[in-house]
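Chain A is the first sequence line, chain B the second, and so forth, proteins listed ahead of strands; every chain is numbered from 1. Since the model is a prediction, treat every value here as computed from it, not as a measurement.
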Amino acid sequence: MNSTNMATGKLVKEAPVVRPVRWRLAALRRVPVVPLAIIILMVLTAVLADVLTPYSPVNISLPERLRPPFWEQAGSLAHPLGTDPMGRDLLTRLIYGARVSLLVGFLGLFLGGGVGAALGLIAGYAGGRVDTFLMRLTDTTLAFPIILLAILFVVILGGSLMIVVFAIALVLWARFARVIRGEVLSIRERDFVAQARIAGSSPRRIILVHLLPNVLNTLVVLLSLQVGWVIIVEASLSFLGAGVPPPTPTWGSMIAEGRNYIASAWWVSFFPGLAILVTVLAFNLFGDWLRDALDPTLRQL
Amino acid sequence: MQRYILRRFFQSVLALLALSMLIFLMSRLTGDPTMLMLPDDASQEDIAQLRHALGLDQPLPVQYWVFLSRAVQGDFGRSIKGQMPVLDMITERLPHSFRLAAVSLCMAVLLAFPLGVVAAVKKGTALDTLANIIAVLGQSLPQFWVGIVLIQIFAVHLRWLPVAGVGSVWHYVLPSFTLGWFMVAGMMRLLRSSMLDIMGSEFVKFARIKGVPDGRVIWKHALRNALIPVLTFGAIYLAGLITGAILVETVFAWPGLGQLIYQGIVFRDFPVVQAVVLLTAGIVISVNLLVDIIYAYLDPRIRYE
Amino acid sequence: MQRTFWAMHGQRWRIVYQLMVILLLGGGLALPVLAQDKPTGELRIALAFLGAQRLIPWNEDPSGGVKQYQLLIYDHLVGCTEDGQLSSENGIAQSWEESADKLSWTFHLRPNIQFHDGTALTADDVKFSIDSFLDPKSIGLLSTGRAAYQGVEVQNPSTVVIHLNQPVIFLPWNFSCATLSDGMILPSKYFQQVGADAFAKKPIGSGPYRVVKNSAGSLIQLEAVERHWRDGVPKFKTVTFLLVPEESTRLAQLHTGEADIIAVSREKVPEVKAAGFNVFSKLNDQVIVVYMQQQWEAVPVRDKRVRQALNLALDKDAIMQFVFAGQGVPVPMYPIGSYGVAGGADATLQPYPYDPQKARQLLAEAGYPNGFETKIYSFVTADLPEFPRLTEAVADYLGKVGVKAKIVSMDRAAISIKRQARTLPGELLPWSTPNRSVASQIVTLINALHHSASQFTSTMVPELDQMIERALTATDVHEVERLVGEMHRFLYDNAHNITIGEIHTNYAANKKVMVWDLGRNLYDNNLRSVIRR
């Protein structure tokens, strides 16, 4: 990497300084195979949805409504996990639901996490008024009950996939900003940052080249831990009628839809519930391991 | 020190004001409550008349000023839907919300305790993983679903507990468990890591060498010190629990603030939404302020930021 | 030797003893008879919605279940039968007459009606209550236009005269339990003495139950009066209304006995019946529609053939069976349902049949051989949980004839704004309204939905406007009913709404309630018959 020495005007080669990611061998030995496998399975399902099932997830077939899974008396292998109240194949909706739920989750995370991390970096490095202002902003955002903020957003603008993503991002950024800022505060007094400053690097450069790689650990851990949370929030929004609108299948809306049938048609909300449970558990366990592997001092997360 | 407190206080007030303005604007942008209050056959004049009577046809800055000047006197206006004083509506439900939040916190601590201790003491074993899974389970299931299933099992099938509402001590059990389980994972992790830290410390190692039995070591030193971050964690969550329990309140028919603000949003009952949001924000910002001040007292470096 | 007590005083005491036995036995037999005259037990009713629980009728819209508990606490000026007709036996007024010039109505009050605090109900209370309803800040009585009312006069303690600026031929209906909460009579002296807020905390009415506890967002607890002038000695000592928004929770409460009556959704009815509970239905309570907004704009639904095609494209029987669990029937044209026949609706009209082929043909004739694109809105309400599914089903059927309706999810309030702002040209909107039997109510509804000057109108048709105006100003009841029939036919022939049908509203109860006719009054389910012996 090159930069200009402001004092002498000469091109100076910078010593590459990246704090090595500390992979602890002990943790590596305990790679959580099962959670990882589940995550990969879910992602593959989401991507390959169109190929995996012959049914459409949205076409209604009213006479077929509420058929039980194949091992029950009225069930058949044509609909292995049964059908929903509109006659749609449950397994198909689960598969497509993986796509939507994971999409909402990842989009919301990257949007919220990205904006939050960026603001956290800026706040942590800049300090002073900028920092104070951003921190008060996070205070205000966090003062709001999360679900209600999302509802308010959806209520103003109507429901759609992108709106739900935005609502989630709106709630998420504050958490990321806070944590990343904390990390930056502890890093920015380090030698290599001081060196870069003396060498005349612009703030933008310092943030991007020096600070960002070092908060990456935290960022990655936080992201993985929040996936589950986001999926759950999407389900809660659907319960309150503010989620991704029908006929798009999401695991959350499928559970919400099936909650009235718990006694009579248990499969309608059981299987999406199981899907959420397994996926979120996998992400949480994976995130836990990741945190232990990368930097156990992050245990506050 | 005093300047620090003053500065933070001033910033908090500003934050509160900004929030109140934001909520004020947002709720009015979302729609006209009069259209939701009147039946389908209301005529245009009726709607206009009602809006005028409720003061909703004034320009926005005027409405905001009216709201603010009354709010600082403690008058949060009247609910648009039922013409009741908003403050009364809040004071009726606040105790229910607060009690549920407090009991849920206790429930979470009760659950996190054994899990955290087991995980720390039996670190690396299958028990550690199991404890972790049980804790994380609480964050892997939607709260409303947990509540509904618990009702089916414990109230309908086993008849051990009441279904919903308030009334007796037993009415607290299911809702507080549902709410509390969500926090268990975070608390457990904190407890576990704090305990691990302390158990690995020189002091404890020395005590062990001296022959003090393990149990006493764990109890007297590890646990007590581990409690502080857990309680701080809980205190911060408490504020959020008071208004954020809408899902549990809906399923268990709990008359809390979450339901109040949700109805307020759906029916565009601005005064209610504004008042509850301000109240919550006030609580959270105050708690944050208090925590910040305590930390500043303990660590002078922070004051100069 | 000590002789026993009985041996010594035997004879005398034996007689006393026998007398006591007889008295006790007789008393014991009499006791149940006496006890029959006292209210016993508790009735717990779990509903999805209790409203604002203000308990002051002019402060709150009575729809959605609010009127149910109001009717136990207060009495109306004019009574009503279960069927939706006026009654001179059930209300505070035992007779009334319209003046010759049609500009005043005189009401003669029944004597010996008392409020819960023992004070007598007089004409002053009636005047105070009606004045309160006429106040611009009140909610209710707005649809008939308060401009028509000049004032209320107390002639003597049992006679009230209402003076008008113009004839209001349906006036008694406006103050009866057949329609809204307008006309509920509250105690004037007590109310003005303590003020509205204090009154709301401890309300006093003249109904069969008084308020014991009003916990906002939780429950309303009522206690029976000793004897009511109309309902006699109430059956249950306590009636408690519980707010339980979540249906699965209500069902659980019914199973465990925590609730005796619950509001149950249509699709749960078979399951609840199979579990051994009684289910009572208010038949054809709500009429369901899909509005076509802003039909005067340059949109496909401007063309009558397109509108008819959309009606023909839907299999209403299948929708009734699969979306509404068979708990309803198709009707010819919204907003008039089967109750409307009593108000003059045309009983010869038949619902539009299911004919997708004809629909496609009509669309082609109108210039849309490949259909067109539009939007259909979806929202959630507590008493109509099927709405999102209805939207999906309708979009599906329309898709089969080439009309691609994109589903947009939005909450009710936001949709209302768009309706008022008229930013939904040609778009589709599912909605519902209660079935109405009173002609004047039907007219005001059609006025609000179809008159060009109305802010929620979906049509601008001069011919229709004229019919509405004639109906609003007619001075003869039969003329109004005739016009209702005419408007019914007009809306039907021109297919101004996509009508689905009318659906039942259901309540499930345990053994405490074996008989219950829910009646046909607006926003009411006749709980008063349940508390009567």
Where does [X] contact chain B at under 4.5 Å (heavy atoms): side chain, backbone, both or neither?
X        : answer
C:Lys418 : neither
C:Ala453 : backbone
C:Ala200 : neither
C:Ser63  : neither
C:Phe49  : side chain
C:Gln253 : both

> Relative to chain C, which segment of B:Asp269 carries a heavy atom at a distance below 4.5 Å: side chain, backbone, both, or neither?
Replying inline: neither

> Non-hydrogen atoms of chain C under 4.5 Å away: do they reach the side chain of B:Met89, the backbone, both or neither?
Replying inline: neither

Would you name the heavy atoms of [X] and [Y] that are closest together and state the gap between them?
X        : Y        : answer
C:Ala52  : B:Met84  : O-CE, 3.0 Å
B:Glu92  : C:Asn214 : OE1-O, 3.9 Å
C:Ala216 : B:Pro255 : O-CB, 4.1 Å

> Does any non-hydrogen side-chain atom of C:Asp197 lie less than 4.5 Å from one of B:Pro85?
Replying inline: yes

>> Could you work out, with salt bridge (Lys or Arg N to Asp or Glu O under 4.0 Å) as the rule, every residue matching B:Arg93, not counting sequence neighbours?
In response: none

>> Let's go through B:Gln259 and C:Leu243 carefully: what are the C-alpha distance in whole Å and the side-chain angles of both, what is the deciding distance for side-chain contact (heavy atoms from CB on, under 4.5 Å) to 0.1 Å, and is it a yes or a no?
In response: CA-CA 11 Å; B:Gln259 227 186 55; C:Leu243 175 63; 4.0 Å; yes

> So which residues of residues 158-170 of chain B are in contact with chain C at a heavy-atom cut-off of under 4.5 Å?
Replying inline: B:Arg159, B:Pro162, B:Val163, B:Ala164, B:Val166

>> With a strict 4.5 Å heavy-atom criterion, list every residue of residues 245-254 of chain B that contacts chain C, or say none.
In response: B:Thr250, B:Val251, B:Ala253

>> Using 0.5 Å steps for rounding, measure from the CD atom of C:Glu258 to the NE2 atom of B:His171.
In response: 5.0 Å

> How long is the span from the CD atom in B:Gln152 to the NE2 atom in C:His255, to the nearest 0.5 Å?
Replying inline: 7.5 Å

> Looking at residues at least two apart in the chain, or sitting in another chain, which of them share a side chain to side chain donor-acceptor pair (under 3.5 Å) with B:Gln263?
Replying inline: none

